[in-house]
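The structure under discussion appears below in the form of structure tokens.
As the structure is a prediction and not an experimental result, all values here were calculated from the model. Numbers restart at 1 for each chain; the letters A, B, ... are given by sequence-line order, proteins then strands.
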2 protein chains.
Amino acid sequence: MIKPDIVFVAKLAGVSPATVSRVMNHPDLVHPATRKKVELAVEKSGYIRNRAAQAMHGRRSATIGLVVPTVANTIFAEVVQAFNDTVSAQGFTLLLASHGYDLDSEYRLVRKLLEHRVDALAVVGLDHSAGTFRLIAEQRVPLLALWNYLADSALPCVGVDNREAGRLAAEHLVALGHRRIGMVFPATFDNDRARDRKTAATAVFRAAGIELQERWQVEVPYSIAQAKAACLDLLAGEDRPSALLCANDVIAQGAIYAAARLGIAVPASLSVIGIGDFAGSAQMEPALTTVRIPAQQVGIAAGQAIVTAIGRPDADFMIRSRVELELIMRASTGIAAEMIRP
Amino acid sequence: MIKPDIVFVAKLAGVSPATVSRVMNHPDLVHPATRKKVELAVEKSGYIRNRAAQAMHGRRSATIGLVVPTVANTIFAEVVQAFNDTVSAQGFTLLLASHGYDLDSEYRLVRKLLEHRVDALAVVGLDHSAGTFRLIAEQRVPLLALWNYLADSALPCVGVDNREAGRLAAEHLVALGHRRIGMVFPATFDNDRARDRKTAATAVFRAAGIELQERWQVEVPYSIAQAKAACLDLLAGEDRPSALLCANDVIAQGAIYAAARLGIAVPASLSVIGIGDFAGSAQMEPALTTVRIPAQQVGIAAGQAIVTAIGRPDADFMIRSRVELELIMRASTGIAAEMIRP
DNA sequence: AACAGTCTTGCAAATGTTTTCATAAACTCT
DNA sequence: AGAGTTTATGAAAACATTTGCAAGACTGTT
């Protein structure tokens, strides 16, 4: 009752191990009749081929490593899912790692993934430690940046232009006549997505001659609870902004709940815009105006890109694929009150 | 500039490959001075050990397979995250697979994970195809059921008692005097969690002499959008239930949004209860009454259990760990209107 | 200084596959 | 029917590591 290996199956089928191997990997090279025999033997013995041994031989490990900040946050769950579905359909298995927005621990995770000889690596964002990059370069593993797009990125990337996302959101608020604007963002230190959105939005406001009040800028992590708490503070007094630009929809949802709790009418007295268009944003009341990031599309496109890259180990792997953003106007933003009165 | 292997490092350090191997796996067996030499050589050459070769030798692959229905849904994202963090801290890497509530495709996924010689497998729920069980048994891989608890389960399990969850939710509604009750559940065919919750809730209602109206029972997948749409229908007319028991918080959120859209006051005219206590449930307005499933605790406990199981390959692996549920009363449920009038 | 015991290390076999090369068998033409 | 070509299969080397065994190098004790 020992676990059957390839030679056991070979004996059972009355062929050589080589033939069994071929049946598994290049079925067209073996005679249909022998193939049948082997398949029967595989079936009968309950043989499960050993990818480790296969990988050891220098062949594909049939795994792809994916490193995300976290999967607990709606932000990435959807993209992870789409990415996984895509590569899985091509026979790859996903090795998942998450670092909680800590680029140091990312290094260790990448190392671990490389130990498993992943055929390729996908990471979120373009910012990574020098050590991480060196490691990956040394191992000559295709690397793809997910989620971000940058026309002149050093890395292959599939994603959206976060500066454009910030710009679209900001322009929408400006177009509605808002000038008293608050921004709710996470720390931008280890997070290039948030940083890009914020600087682009700020630039738009500057250009429109809007002065951002320090007291209306707050920093919270991507958490509904903390976003709501922070916004309760921010919106408490009389002196509050007329519009809130939120780093993503999770924060925006928190902001809207805070307004609801305080009895502030959205959008009549306060406009709220998010970025992302996560599950639920369209359904909440009032429905959230946001900049849609098609997470699914990103995941699928990234999955395809990376599988292609694995298929051509010789060629340098470079692709820059931009997924389009779209401003989705819903019910959480409206014309600034100041614009209506006169 | 070839990728360094263990013999390269050995040469560089002036020792045998065996010694290098020992430095990596049993550092206490080698003299501190030699260890230093080897570590230096590893550092210098950029050597990354090959887990595949290691796994091939019959040793640990240092991977754990996790199969979930989906990761895109808040439901599992949190538990995946906690599980991953836990096993990752013990040096394991997660192989993730998702089957979208299709137990047939689960079989294929499990097979794929076994090909990678995962050291253990965790799956969500206790219901799985016979083929899946056979496969895993043949490979003698420790198997853990996640999310569910059953006192007499055939599998080791770490999770909650879903019947209790359904019972708690139903009893809460009964205690508030509701008798006109709707239930919003997904299809329970391939989903033992939903099934257990539903049958337990139904039993409670029966026992209380409550007759469930067929027209108030609806079936929707775990999606805010579809839950909201279905509830808009359900709640449209005059003849509507006074309380809604939802299979989980995602559905409950959809129900609350539907009520908001229709101008139905929650909880004054409609009570809504969910199960799960997902991120955001506490913050939404009105805050959702729900049965808390401590996903994080489940993930951590499961991670620990499975690592322990891997540590003792000889002993039969059996653990049944029940994580406690808790009814969290918030603002979305209230006393039935009928109870107040007289 | 000899002895027993304990550490440290290297040798070589073993792990499960893939693949190159060679050979044998089966066709296809003429 | 024979030569040439294609197809199908097997033998064996290679992949990168771990580990049982055995031998050599220390340690402390008498």
Item to check | Under 4.0 Å protein heavy-atom contact, by nucleotide of nucleotides 12-19 of chain C - B base, S sugar-phosphate only | outcome: --BBBBBB

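- Taking every nucleotide of DNA chain D with any atom under 4.0 Å from a non-hydrogen atom of chain B, the first and last of them, 5' to 3', are dA16(D) to dG20(D).
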For residues 68-83 of chain B, please give each side-chain donor-acceptor pair under 3.5 Å, one per line with the distance, not counting sequence neighbours.
| unit_1 | atom_1 | unit_2 | atom_2 | d |
| --- | --- | --- | --- | --- |
| Thr70(B) | OG1 | Gln81(A) | OE1 | 3.3 |
| Thr70(B) | OG1 | Ala72(B) | N | 3.0 |
| Asn73(B) | ND2 | Tyr222(B) | O | 3.0 |
| Gln81(B) | OE1 | Thr70(A) | OG1 | 3.3 |
| Gln81(B) | OE1 | Val71(A) | N | 2.8 |
| Gln81(B) | NE2 | Ser98(A) | OG | 2.9 |
| Gln81(B) | NE2 | Asp85(B) | OD1 | 3.2 |
| Gln81(B) | NE2 | Asp85(B) | OD2 | 3.4 |

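- The list of side-chain hydrogen bond (donor to acceptor under 3.5 Å, both in side chains) pairs with a residue in residues 129-138 of chain B, not counting sequence neighbours, reads Ser129(B)-Thr132(B).
- Partners of Phe189(B) under the ring pair (Phe, Tyr, Trp, His ring centres under 6.0 Å) rule, at least two apart in sequence or in another chain, do not exist in this structure.
- For the helix from dA1(C)-dT30(D) to dT30(C)-dA1(D), the angle separating the two terminal helix axes comes to 20°, with each axis derived from five pairs and the value rounded to 10°.
- Partners of His57(B) by side chain to side chain donor-acceptor pair (under 3.5 Å), not counting sequence neighbours: none found.
- Residues of residues 31-44 of chain A that place a heavy atom closer than 4.0 Å to DNA chain D, in numerical order, are His31(A), Thr34(A).
- Taking 4.5 Å as the limit, every side-chain heavy atom of Val118(A) sits out of range of all side-chain heavy atoms of Ile64(A).
- Applying the salt bridge (charged side-chain N to carboxylate O under 4.0 Å, His left out) definition to pairs two or more places apart or across chains, those involving residues 35-55 of chain A are Arg49(A)-Glu115(B), Arg51(A)-Glu115(B).
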Could you give the side-chain donor-acceptor pairs of residues 105-112 of chain B under 3.5 Å, partners two or more places apart or in another chain?
| unit_1 | atom_1 | unit_2 | atom_2 | d |
| --- | --- | --- | --- | --- |
| Glu106(B) | OE1 | His128(B) | ND1 | 2.8 |
| Glu106(B) | OE2 | His128(B) | ND1 | 3.0 |
| Arg111(B) | NH2 | Tyr47(A) | O | 3.1 |
| Lys112(B) | NZ | Ser88(A) | OG | 3.2 |
| Lys112(B) | NZ | Phe92(A) | O | 2.9 |

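- Applying the salt bridge (Lys or Arg N to Asp or Glu O under 4.0 Å) criterion to Asp127(A), with sequence neighbours excluded, gives Arg195(A).
- A donor-acceptor pair under 3.5 Å links the side-chain atoms of Asp119(A) to the main chain of Ser61(A), judged by distance alone.
- Contacts of His99(A) classified as side chain to side chain donor-acceptor pair (under 3.5 Å), with partners at least two apart in sequence or in another chain: none.
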